[in-house]
Amino acid sequence: MATQSKKKLIVHEIESWFSENARAFPWRTDDFPWGRLVSEFMSQQTQIDRVALKWPLILERFPTPKSLAQSNEQNILSLWQGLGYYRRAKFLKKTAEIITEDFAGEVPSDVDDLLKLSGVGKYTAGAISSIAFDKREAIVDANVHRVLCRLWNHAGEWAPSSWTWGKAEQLVSVCSSPKVFNEGLMEFGATVCSKSPKCETCPLQGQCDAFAKNTQSMLPTVKKKTKKKKVFHYAVVLEHQGEFAFEQRGDTGLWSGMWQVPTVDSDVELDVNEISKQLNVRGKLKMLGSFEHMLSHRAISFTVFSCKVGKDSRFNWFSAEALEELPLATAQRKVLAVHCAA
DNA sequence: AATACGGGGGT
DNA sequence: ACCCCAGTATT
């Protein structure tokens with residue numbers, strides 16, 4: 001089959017398939033550029049159903065770039081709780097500031113302008129330009145990469161590459177609507193041409209070189225895995241007359257900007273005396289429990305202690321109700337759950 | 001070119 | 001247990 005014909009068939013099938021099978025997400029019901037930009041930030045490396053739960057809350061609180069630009073960073077971090085990759089929340093705020101100052105408060109539509117924003121790379125710039133503004137720009141995320149590698153039986157690359165981007169550009173150049181085609185291709189990859197592909201019912205079965213050679217389950221090539229580093233975090237719940245001590249993590253590294261009960265991070269196991277010494281607290285530490293917290297790049301052993309102390313001015317003190325708003329990563333919520341259960 | 005950066009769902 | 005994901009910034 002002529003390659004041009006194959007591309008047109010693929011594009012037509014995807015646009016047709018998506019018009020029938022698009023899932024209902026809030027940013028599709030309430031479709032405007034800022035909402036799309038926020039959903040793209042939230043969706044980076046994050047499962048879409050979890051984004052769908054949080055998006056309405058964030059858009060309600062920050063309906064415009066200006067509203068976020070004028071807000072405190074703690075507010076967006078608080079709403080971002082549980083989504084992970086908290087740096088994205090800071091990038092989103094910075095992006096809102098750039099849009100407010102340099103783009104008159106309107107989300108730009110050109111890829112070159114979008115790339116000036118913070119936390120916007122090649123994929124996100126193309127996604128906003130094409131999906132929010134229907135401009136003829138290509139996108140390649142993990143879904144698109146997987147679909148294209150299979151359609152052309154292309155092996156050897158586990159991540160989006162110049163080969164994939166070239167193919168995506170060729171396809172978007174012949175589609176009728178970049179907005180429909182790009183989002184459709186991603187959704188198709190997420191639901192039909194997924195890790196376990198549903199080839200039996202696939203509308204592109206006849207165009208798929210991988211299906212013809214039965215290589216679809218081996219494509220794209222798997223990434224070589226990196227070893228998790230094992231570390232130890234010792235969290236101490238300091239209580240004084242119904243209030244609890246918290247500190248904010250630094251500007252860089254894991255959970256940057258998020259809050260925690262006073263914690264000792266260590267590469268090696270520590271005994272209780274060492275923990276007490278490093279935190280410099282008077283009073284006896286009582287061990288309440290422990291749990292493992294697994295991240296993609298780290299295996300963290302958490303041990304939770306409690307201690308009755310005087311009101312130490314090195315920390316910020318919060319009542320139990322005030323903790324609802326405090327930006328805490330999931331591991332810290334687990335720490336508080338151990339304390340509650342004890 | 002590698003690595004850091006979260007968390008939950010799938011298998 | 002290990003895999004993966006609507007990636008980007010940093011080193």
Side-chain angles (χ1 to χ4, degrees), chain A residues 18 22-23 25-28 35-55 77 80-92 94-95 114-132 138-147 157-161 164-165 168 179 182-191 193-197 217 220-229 231 233 249-258 260 291-300 302 327-334:
Chain A
F18 189 52
R23 290 173 289 181
F25 292 127
W27 50 88
R28 291 178 180 164
R36 287 292 190 163
L37 185 149
V38 173
S39 79
E40 288 300 338
F41 271 68
M42 298 178 74
S43 299
Q44 291 167 4
Q45 295 290 291
T46 304
Q47 291 184 334
I48 207 68
D49 290 332
R50 310 193 52 242
V51 176
L53 296 174
K54 285 263 189 179
W55 184 90
L77 282 176
W80 211 270
Q81 284 182 80
L83 280 177
Y85 285 172
Y86 298 95
R87 198 169 42 166
R88 292 179 297 170
K90 302 179 180 199
F91 287 151
L92 182 60
K94 177 66 177 169
T95 277
L114 288 161
L115 287 171
K116 294 172 185 164
L117 305 176
S118 181
V120 174
K122 193 169 166 63
Y123 160 77
T124 303
I128 295 169
S129 185
S130 64
I131 297 172
I139 58 170
V140 180
D141 70 337
N143 288 311
V144 172
H145 180 69
R146 184 172 55 251
V147 174
E157 294 170 320
W158 62 269
S161 62
T164 335
W165 277 94
K179 176 183 176 71
N182 279 351
E183 197 166 27
L185 190 58
M186 285 196 292
E187 184 121 333
F188 179 80
T191 59
C193 197
S194 51
K195 191 166 142 63
S196 303
S217 65
T221 311
V222 291
K223 175 183 165 182
K224 47 193 173 297
K225 64 173 194 177
T226 57
K227 212 175 81 182
K228 283 190 202 340
K229 183 180 178 186
V231 296
H233 287 199
R249 291 182 69 92
D251 281 340
T252 61
L254 188 64
W255 299 314
S256 67
M258 303 296 279
Q260 63 185 12
F291 60 88
E292 299 296 315
H293 192 71
M294 306 294 290
L295 305 178
S296 52
H297 62 305
R298 216 167 289 190
I300 306 176
F302 264 91
L328 298 176
T330 299
Q332 283 300 308
R333 296 284 171 196
K334 290 187 189 174

Exercise for review: List the steps, then state whether side-chain contact (heavy atoms from CB on, under 4.5 Å) holds for A:R298 with A:H293.
Suggested key: CA-CA 8 Å; A:R298 216 167 289 190; A:H293 192 71; over 6 Å; no

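- The A:M186 side chain lies nearest to C:dA6 when the options are B:dG7, C:dG7, C:dA6.
- Distance noted for atom C1' between B:dG6 and C:dC5: 12 Å (whole Å).
- With the nearest nucleotide of DNA chain B identified for both A:Y86 and A:W158, A:W158 has the one nearer the 5' end.
- Annotation for A:M294 and A:A299: closest pair SD-CB, 3.8 Å, computed over non-hydrogen atoms.
- Across B:dA4, C:dG7, B:dG7, the shortest atom-to-atom separation from the side chain of A:H297 is found for B:dA4.
- For A:K195, there are no salt bridge (charged side-chain N to carboxylate O under 4.0 Å, His left out) partners two or more places apart in sequence or in a different chain.
- Take the nearest nucleotide of DNA chain C for A:R36 and for A:L117: the residue whose nucleotide is more 5' is A:R36.
- The nucleotide whose nearest atom lies closest to any side-chain atom of A:F91 is, among C:dA6, B:dG7, C:dA9, C:dA9.
- Mapped onto DNA chain C by nearest heavy atom, A:S118 and A:D141 fall at different nucleotides, with A:D141 at the one closer to the 5' end.
- DNA chain B forms stems at B:1-5 with C:7-11, B:7-11 with C:1-5, each a run of 3 or more consecutive Watson-Crick or G-U wobble pairs whose two key distances fall under 3.5 Å.
- To the nearest whole angstrom, the two P atoms, one in B:dG9 and one in C:dT8, are 24 Å apart.
- Residue contacts for A:R28: at a heavy-atom cut-off of 4.0 Å it reaches a base atom on one of the strands shown.
- Rounded to whole Å, atom P of C:dT10 lies 12 Å from atom NZ of A:K90.
- A:H145 approaches A:A159 most closely through the heavy-atom pair CE1-O, 3.0 Å.
- As rounded to the nearest Å, B:dC5 and C:dA1 have P atoms that lie 24 Å from one another.
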List every contact pair, protein side and nucleotides 3-5 of chain C side both N or O, where the distance is under 3.5 Å.
{"residue": "C:dC5", "atom": "OP1", "partner": "A:R146", "partner atom": "NH1", "Å": "3.3"}

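- Rounded to whole angstrom, the span from the CZ atom of A:R88 across to the P atom of C:dT8 amounts to 11 Å.
- A:D251 places its CG atom 20 Å from the P atom of B:dA4, with the value rounded to the nearest Å.
- Distance A:M294 CE to B:dC5 P: 16 Å, rounded to the nearest Å.
- Between A:W255 and B:dG7 there is a side-chain polar atom (N or O) within less than 4.0 angstrom of OP1 or OP2.
- Using a 4.0 Å heavy-atom criterion, one finds that A:L83 contacts the bases of the nucleic acid, with or without backbone contacts as well.
- Checking A:T46 against A:R88 by side-chain atom types alone, a donor-acceptor pair falls below 3.5 Å.
- In terms of heavy-atom proximity, A:T330 sits nearest to A:G82 at OG1-CA, 3.7 Å.
- Taking the P atoms as reference points, C:dA6 lies 14 Å from B:dT11, given to the whole Å.
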Check your understanding: Yes or no on side-chain contact (heavy atoms from CB on, under 4.5 Å) for A:W255 and A:L295, after CA distance, side-chain angles and deciding distance?
Key -> CA-CA 12 Å; A:W255 299 314; A:L295 305 178; 4.2 Å; yes

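- Residues from residues 120-131 of chain A that place a heavy atom under 4.0 Å from any atom of DNA chain B: there are none.
- A:A329 comes within 4.0 angstrom of the backbone, heavy atoms only, and of no base.
- Between the CG atom in A:L117 and the CZ atom in A:F91 there is a gap of 12.0 Å [rounded to 0.5 Å].
- Here the shortest heavy-atom pairing between A:Q332 and A:F302 reads NE2-CE2, 4.1 Å.
- The list of salt bridge (Lys or Arg N to Asp or Glu O under 4.0 Å) pairs with a residue in residues 46-55 of chain A, not counting sequence neighbours, is empty.
- Rounded to a whole Å, the CZ atom of A:F41 is 17 Å from the C1' atom of B:dG6.
- A:G189 comes within contact range of no nucleotide atom at all, as no heavy-atom separation falls under 4.0 Å.
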Mind listing the side-chain donor-acceptor pairs of residues 119-129 of chain A below 3.5 Å, one per line with the distance, residues two or more places apart or on another chain?
{"residue": "A:Y123", "atom": "OH", "partner": "A:E40", "partner atom": "OE1", "Å": "2.9"}
{"residue": "A:T124", "atom": "OG1", "partner": "A:Q44", "partner atom": "NE2", "Å": "3.0"}
{"residue": "A:S129", "atom": "OG", "partner": "A:S109", "partner atom": "O", "Å": "2.7"}

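- If you measure from atom CG of A:L254 to atom P of B:dT3, you get 18 Å, rounded to the nearest angstrom.
- Rounded to whole angstrom, the span from the CE atom of A:M258 across to the P atom of B:dA4 amounts to 21 Å.
- The minimum heavy-atom distance between A:G257 and A:L77, with the atom names listed, is O-CD1, 3.6 Å.
- Across every non-hydrogen atom of A:K228 and A:S296, the tightest pair is NZ-O, 3.5 Å.
- Here B:dG9 presents its P atom at 14 Å from CD1 of A:I48, a figure rounded to the nearest Å.
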